[in-house]
Amino acid sequence: MSQPSYWSERITIGNLAFPRFIGGPLDGITDAPFRKLVREFSKNELLYTEMRHVACIANDKGGARSLKFEQLERPLNYQVAANFDTYIEQACDKIMQKGVDIVDLNIGCPARNVISSGSGSALMADLPRLKHILSTFRKHLDIPFTVKIRSGFKQCNAIEVAKIAQDCGVDALAIHPRLQTERFAGRPNMALAAEVKKALNIPVFFSGGVVNFKLANMVYEQTGVDGFLIGRGIWARPWKLQEMAAHARGETFVVDNKMILSCALKHFDYMLEHYGQHAVYIFRKHVPFYVRGIAQASDVRQALMACKEPEPVKELLIKALG
Ligand SMILES: Cc1cc2nc3c(=O)[nH]c(=O)nc-3n(C[C@H](O)[C@H](O)[C@H](O)COP(=O)(O)O)c2cc1C
């Protein structure tokens, strides 16, 4: 078993320190309204933003879209994608001006539209370009810089990539130990994550299927990593990081329908504030996760499709979970 002290220690990134459980990036899910909700449970935990391409940040007038978040969401690790050095300096300046704690480069995204431009996990298959991009970020960032990688693109080369990142001055590295071809399914490669941890001096985080403290503890014992990115496990579970911290201390953490309802309603209100009326449609993807486990879940999902205004959505949630 891990020593209890391991779980109470903090991870150091540059001159910053964070608890070991971290809110990972999920595009379209862990957005600004959701992060604001997570902050009601977890004040000090690091939260990743969703990935934004440096060109999108550099060309976004006033940061109206790509940099739309609130300072209360910090500490934030703002995740970017890049395929060339163009726009990196401009994007870094804008991000630092807006105020975040860390910048993370995504070197792991498997999506076709991302890899077709040479960003995301495609960078793991072009090491000279990767080195140049990493050095360019390092040169223009005055704040800590991290990367998130996979096992590799088509072939496993995570150890080589991790060493390159460390040599280029990266302050911490997260690994989702699956190849691009495996996307988000199959068993994460624990042995590889352990080798990456052993090969580096900087903190290493694990991403892949960690949905509770028991699994985090198992990952720690098999890999020795320093921190855990909670991805799908936090979806519609904004209390998840606090729950895991409580379990790490040997405490109980009670989740009941009253709490789930209160979170779902707040989440929806924050989305309405952030996205306006369009939130009625965007919120649809979250509802099945809030009502999963209740007897009428499929009726709720069906009724939701007919809702065109905020009030009926709220009434539906209250009827299902109240
Ligand atoms: C819907 C969805 C969106 C994701 N978006 C991002 C993203 O923007 N940036 C990133 O680095 N990883 C992204 N990921 C990958 C996750 O951060 C994580 O590495 C992966 O899902 C495995 O961890 P999990 O099992 O805890 O979800 C995404 C995954 C999913 C399922």
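The basis for the numbers below is simple: all heavy atoms, side chains too, and nothing from hydrogens, waters or symmetry mates. For this chain, numbers begin at 1 and follow the sequence in order. Numbering of ligands and ligand atoms starts at 1, following listing order.
In summary, the aromatic rings of Tyr290 and Trp235 are positioned with their centroids too far apart to meet the 6.0 Å limit. In summary, the aromatic rings of Phe228 and Phe206 are positioned with their centroids too far apart to meet the 6.0 Å limit.
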Could you go through ligand 1 and note, for every N or O atom, any protein N or O atom closer than 3.5 angstrom, writing the atom names and distance to 0.1 Å, or 'none'?
| unit_1 | atom_1 | unit_2 | atom_2 | d |
| --- | --- | --- | --- | --- |
| ligand 1 | 5 (N) | Asp27 | N | 2.7 |
| ligand 1 | 8 (O) | Met51 | N | 3.4 |
| ligand 1 | 9 (N) | Gln79 | OE1 | 2.7 |
| ligand 1 | 9 (N) | Asn106 | ND2 | 3.3 |
| ligand 1 | 11 (O) | Gln79 | OE1 | 3.4 |
| ligand 1 | 11 (O) | Gln79 | NE2 | 2.9 |
| ligand 1 | 11 (O) | Asn106 | ND2 | 3.1 |
| ligand 1 | 11 (O) | Lys148 | NZ | 3.0 |
| ligand 1 | 12 (N) | Lys148 | NZ | 3.1 |
| ligand 1 | 14 (N) | Pro25 | O | 3.4 |
| ligand 1 | 17 (O) | Pro25 | O | 2.7 |
| ligand 1 | 17 (O) | Lys148 | NZ | 3.3 |
| ligand 1 | 19 (O) | Lys148 | NZ | 2.8 |
| ligand 1 | 19 (O) | Ser207 | OG | 2.7 |
| ligand 1 | 23 (O) | Ser207 | OG | 3.4 |
| ligand 1 | 23 (O) | Gly208 | N | 3.4 |
| ligand 1 | 25 (O) | Gly209 | N | 2.7 |
| ligand 1 | 25 (O) | Arg232 | NE | 3.4 |
| ligand 1 | 25 (O) | Arg232 | NH2 | 2.9 |
| ligand 1 | 26 (O) | Gly231 | N | 3.0 |
| ligand 1 | 27 (O) | Arg232 | N | 2.9 |
| ligand 1 | 27 (O) | Arg232 | NE | 2.9 |

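Partners of Asp93 under the salt bridge (Lys or Arg N to Asp or Glu O under 4.0 Å) rule, at least two apart in sequence or in another chain, do not exist in this structure.
Sequence neighbours left out, the pairs with a member in residues 98-115 that pass side-chain hydrogen bond (donor to acceptor under 3.5 Å, both in side chains) are Arg74-Asp101, Gln79-Asp104, Gln79-Asn106, Asp104-Thr146.
In this structure, Ile13 belongs to a hydrophobic cluster whose other members, linked by side-chain heavy atoms under 4.5 Å apart, are Ile11, Leu16, Phe18, Ile22, Leu46, Tyr48, Ile102, Phe205, Leu229.
For the side chain to side chain donor-acceptor pair (under 3.5 Å) test with Arg178, the passing option among His176, Glu182, Gln180 is His176; the others fail.
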